[in-house]
K.L.:
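For reference, the structure I am asking about is given below.
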Amino acid sequence: QVQLVESGGGLVQPGGSLRLSCAASGRILGIADMGWYRQAPGKQRDLVATITISGSTNYADSVKGRFTISRDGAKNTVYLQMTSLKPEDTAVYYCEARVRPDWNSDWNDYWGQGTQVTVSS
């Protein structure tokens with residue numbers, strides 16, 4: 001029905017950069033807010049950044065000034081450019097999109113499978 005496919009995760013040294021991508025595909029009548037969340041081992045899933053259809057953004061205090069969220073409306077894709085990475089950024093990163101698949105369905109939140117980001121020397 002709706003699939004979110006993430007890419008770009010991996011191992012990076014402290015101070016390095018990484019760019020995550022997530023493309024929504026399948027049956028999409030409408031797509032609204034998109035965002036990125038992360039979950040470290042033993043911790044809850046926290047919001048990282050969100051972006052509306054008009055381009056308004058919101059960031060967690062811990063990533064302000066270091067991360068940038070953006071989207072490509074034509075491709076239903078959301079990006080997360082991460083710079084000045086710290087070990088505490090290590091987590092599984094999940095993308096999320098609020099989607100209405102078709103007229104027979106309601107709006108709902110869809111999630112990607114998650115991609116591992118490890119910041120370590």
Side-chain angles (χ1 to χ4, degrees):
Q1 190 176 39
V2 177
Q3 300 85 39
L4 272 62
V5 180
E6 300 163 310
S7 62
L11 175 64
V12 64
Q13 296 183 6
S17 300
L18 210 58
R19 184 178 178 87
L20 306 182
S21 301
C22 179
S25 62
R27 185 182 295 109
I28 302 176
L29 175 63
I31 185 168
D33 294 359
M34 304 182 79
W36 289 94
Y37 296 73
R38 66 186 182 186
Q39 186 169 24
K43 296 186 177 182
Q44 67 179 26
R45 186 175 298 184
D46 294 326
L47 181 146
V48 176
T50 60
I51 183 167
T52 68
I53 192 69
S54 63
S56 297
T57 58
N58 176 252
Y59 297 92
D61 289 340
S62 59
V63 306
K64 286 182 178 178
R66 300 188 298 120
F67 292 8
T68 301
I69 188 171
S70 61
R71 67 190 294 167
D72 184 332
K75 297 182 178 180
N76 292 324
T77 299
V78 63
Y79 305 92
L80 186 68
Q81 179 66 52
M82 304 182 292
T83 62
S84 301
L85 283 163
K86 305 174 181 179
E88 48 263 47
D89 294 319
T90 296
V92 177
Y93 284 70
Y94 299 89
C95 64
E96 178 269 342
R98 189 161 183 81
V99 176
R100 187 177 187 180
D102 52 49
W103 291 112
N104 294 319
S105 304
D106 294 323
W107 290 91
N108 203 0
D109 294 312
Y110 293 84
W111 295 85
Q113 296 178 349
T115 184
Q116 178 70 49
V117 173
T118 302
V119 184
S120 176
S121 299

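Everything numeric here is computed off the predicted structure, so don't read it as measured data.
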K.L.:
Of the non-hydrogen atoms in Gln116 and Ala91, which two are nearest, and what is the gap between them?
P.N.:
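That would be NE2-O, 3.4 Å.
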K.L.:
Quick one: list whatever passes side chain to side chain contact (heavy atoms under 4.5 Å, CB included) with Leu11, sequence neighbours left out.
P.N.:
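Leu11: side chain to side chain contact (heavy atoms under 4.5 Å, CB included) contacts with Thr118, Ser120.
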K.L.:
Check step by step if side chain to side chain contact (heavy atoms under 4.5 Å, CB included) holds for Asp89 and Val117.
P.N.:
CA-CA 8 Å; Asp89 294 319; Val117 173; 5.6 Å; no
K.L.:
Does one hydrophobic cluster hold both Val12 and Val63, with members joined at side-chain heavy-atom distances below 4.5 Å?
P.N.:
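Same cluster.
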K.L.:
Keeping Glu6 on the side-chain end and Cys95 on the backbone end, is there a donor-acceptor pair under 3.5 Å?
P.N.:
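It does hold such a pair.
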K.L.:
Report the distance from atom CD of Gln113 to atom CG of Leu4, rounding to the nearest 0.5 Å.
P.N.:
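Rounded to the nearest 0.5 Å, the CD-CG separation comes to 10.0 Å.
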K.L.:
For residues 42-90, pull every pair meeting disulfide bond (SG atoms under 2.5 Å apart), keeping only residues two or more places apart or in separate chains.
P.N.:
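For residues 42-90: none.
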K.L.:
Identify each donor-acceptor pair in which a side-chain atom of residues 55-62 lies under 3.5 Å from a protein atom, sequence neighbours left out, and give them as a table.
P.N.:
{"residue": "Tyr59", "atom": "OH", "partner": "Ile69", "partner atom": "N", "Å": "2.9"}
{"residue": "Asp61", "atom": "OD1", "partner": "Lys64", "partner atom": "NZ", "Å": "3.2"}
{"residue": "Ser62", "atom": "OG", "partner": "Arg38", "partner atom": "NH2", "Å": "3.4"}

K.L.:
Please name all residues satisfying side chain to side chain contact (heavy atoms under 4.5 Å, CB included) with Trp111, sequence neighbours left out, ordered by chain then number.
P.N.:
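Trp111 satisfies side chain to side chain contact (heavy atoms under 4.5 Å, CB included) with Tyr37, Arg45, Tyr94, Glu96, Asp109 only.
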K.L.:
What residues, two or more places apart in sequence or in another chain, satisfy side-chain hydrogen bond (donor to acceptor under 3.5 Å, both in side chains) together with Asn104?
P.N.:
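None.
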K.L.:
Step by step, work out the side chain to side chain contact (heavy atoms under 4.5 Å, CB included) result for Ser84 and Arg66.
P.N.:
CA-CA 6 Å; Ser84 301; Arg66 300 188 298 120; 4.0 Å; yes
K.L.:
Name every donor-acceptor pair, under 3.5 Å, that has one atom in a side chain of residues 18-36 and the other anywhere in the protein, sequence neighbours excluded.
P.N.:
{"residue": "Arg19", "atom": "NH1", "partner": "Gln81", "partner atom": "OE1", "Å": "3.2"}
{"residue": "Arg27", "atom": "NE", "partner": "Asp102", "partner atom": "OD2", "Å": "3.4"}
{"residue": "Trp36", "atom": "NE1", "partner": "Tyr79", "partner atom": "O", "Å": "3.4"}

K.L.:
Taking the side chain as C-beta and beyond, is there a heavy-atom pair between Val99 and Asn108 under 4.5 Å?
P.N.:
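A side-chain contact under 4.5 Å is absent here.
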K.L.:
Side-chain contact test, heavy atoms from C-beta onward, threshold under 4.5 Å: evaluate it for Val119 versus Glu88 and give yes or no.
P.N.:
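Side-chain contact under 4.5 Å: no.
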K.L.:
Do Tyr110 and Gln1 touch side chain to side chain, with heavy atoms closer than 4.5 Å?
P.N.:
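Yes, their side chains come closer than 4.5 Å.
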K.L.:
Report yes if some heavy atom in the side chain of Leu80 is under 4.5 Å from a heavy atom in the side chain of Thr68; otherwise report no.
P.N.:
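Side chain of Leu80 against side chain of Thr68, heavy atoms only: no contact under 4.5 Å found.
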K.L.:
Is it possible for you to say whether Leu47 and Val92 belong to one hydrophobic cluster, with membership spreading through side-chain heavy-atom contacts below 4.5 Å?
P.N.:
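In one cluster: yes.
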K.L.:
Find out whether Tyr93 and Gln39 are in side-chain contact, i.e. whether some heavy atom of one side chain is under 4.5 Å from a heavy atom of the other.
P.N.:
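Result no, sub-4.5 Å side-chain heavy-atom pair not found.
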